[in-house]
Every structure is written in structure tokens, then in C-alpha cells.
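Residue numbering restarts at 1 for every chain, and letters A, B, ... go by the order of the sequence lines.
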Amino acid sequence: GPMAAMCVSSQRLCQMVHSAGLRHGTVDRLHTLLATGWWMAAIDSSYDSQLDQMIVRSTNRFTVVKKLANDIAVLPQPAHPGSSLPATLIGLHGQNLFEALVALRLLADATKNVHLEVALAARRLAMQETVDLHIHVYERIVY
Amino acid sequence: NATTLAFFRRLEALDALVEKHLDLATQV
């Protein structure tokens, strides 16, 4: 039934977000929200179709963003993840990373890997932002 | 709402940055 379908789509979304390796706590937050939503849908059937549609939309959107990130991640050579990331970006997250990315000025002789690592950092931030926005919307519905 | 608008603006800016650096990566 719809509850079982929602359970499966929730687990799939959590698994995808987990495998993306986003900021600590993201998967836990999403998992708690979806579990809460599942119980609310069990009590009030007006929730289940709305939530299930949202979960499917989130999964579809996230699939696209994650694929784009994976496509970039395989390009740097040799494979030393993050080793070519400019020092001004290391350890930054969220708004700080966004501002540093926008302000970033690379030297004209920057290597291919540096550009690829910067592109990957921007894509990974877009992935985190996408998940965060979807979590924000779920929170407004569930709580 | 404001959160969604800010999100789409940042996403557009990030997409542009990705494009720019992928282009530069192919040039070196």
C-alpha cells in the first residue's frame, strides 16, 4: 500500500544522501524527519500522498545533482581527493564556502586538477544546499 | 519564500562556477 511505498522511498532517499557523504548530521536529520512523517501519515492519511510525492521529487532532484558531482569526481588525475583544493577553501562549509568560492581568484597557471577540485567543491555545496532545502520544506510540513 | 529564493540564487551561482572551472580545466 501507500505506506509501504513511502517507507521504501524514504529509505532510498536516506541511503542516497548517506552515500553522498554530506555534512555530519544531515542524514540523521533527514531520517528523523521522514520517520516522523511516516508516523504522521499512518495517523492522518491526508499526509501520505503529499509526503510520498515530495520524497520521490527529492530523490529525482538529488539523483541529478549527485550524478553531476560524481561525473566531476572521477576526472582529477592522479586520484588524490581534495589534494588540489586551494587552501582558502579547505575546511569551509555552507555560506563561508560559498563566499570563498565566489571570491576565489586562481593563478593563470593553475593546474587542471585545481579547477576540477574547485568545480567539485561547488557541486558538492550545491548538493548539500539541495538536501538542506528539502529538509527545510519537510520540516515545515511535518512539524 | 525567501529561503527558496536564496537557495535558487546560490544554486545558479554555483552552477556558473562549476561551468567556469570545468571550462578552465579543459583549457590547461
Side-chain angles (χ1 to χ4, degrees), chain A residues 58 61-62 64-65 67-77 84-86 89 92-141, chain B:
Chain A
S58 296
R61 175 72 196 135
F62 194 65
V64 174
V65 184
K67 188 192 175 300
L68 292 169
N70 290 346
D71 289 348
I72 299 171
V74 299
L75 296 175
Q77 300 137 2
S84 305
L85 197 66
L89 302 183
L92 297 183
H93 303 280
Q95 186 63 23
N96 291 336
L97 177 56
F98 178 72
E99 285 168 11
L101 279 166
V102 170
L104 184 68
R105 297 289 175 268
L106 293 177
L107 297 172
D109 63 351
T111 65
K112 181 181 176 183
N113 274 9
V114 172
H115 288 297
L116 290 173
E117 293 292 351
V118 172
L120 184 59
R123 186 59 80 192
R124 287 183 56 81
L125 181 58
M127 195 155 64
Q128 179 76 55
E129 292 264 309
T130 302
V131 174
D132 286 346
L133 179 80
H134 284 248
I135 287 176
H136 173 78
V137 174
Y138 287 126
E139 280 174 344
R140 289 177 64 93
I141 292 172
Chain B
N1 61 36
T3 307
T4 316
L5 263 178
F7 163 78
F8 281 112
R9 285 213 191 94
R10 277 200 303 273
L11 209 60
E12 273 179 20
L14 287 171
D15 281 347
L17 277 166
V18 171
E19 287 298 314
K20 180 180 121 183
H21 285 285
L22 285 180
D23 278 351
L24 289 167
T26 59
Q27 287 168 27
V28 291

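Minimum heavy-atom separation, V18(B) to A119(A): CG2-O, 3.5 Å.
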For the pair L17(B) and V118(A), evaluate side-chain contact (heavy atoms from CB on, under 4.5 Å) and give the outcome as yes or no after the intermediate values. CA-CA 8 Å; L17(B) 277 166; V118(A) 172; 5.8 Å; no
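Just one of L106(A), L120(A), L101(A), I72(A) meets the side-chain contact (heavy atoms from CB on, under 4.5 Å) condition when paired with H21(B); it is L106(A).
Within the 4.5 angstrom heavy-atom criterion, only backbone atoms of A110(A) (N, CA, C, O) approach chain B. Both the backbone and the side chain of L14(B) come within contact range of chain A, each with at least one heavy atom under 4.5 Å from a heavy atom of that chain. Contact annotation for T130(A): both backbone and side-chain heavy atoms come within less than 4.5 Å of a heavy atom of chain B.
T111(A) OG1 to L24(B) CG: the interatomic distance, rounded to the nearest 0.5 Å, is 11.5 Å. In this structure, NZ on K20(B) lies 9.0 Å from NE2 on H115(A), to the nearest 0.5 angstrom.
Residue pairs meeting the salt bridge (charged side-chain N to carboxylate O under 4.0 Å, His left out) criterion with at least one member in residues 123-135 of chain A, sequence neighbours excluded, are R23(A)-D132(A), R123(A)-D15(B), E129(A)-R10(B).
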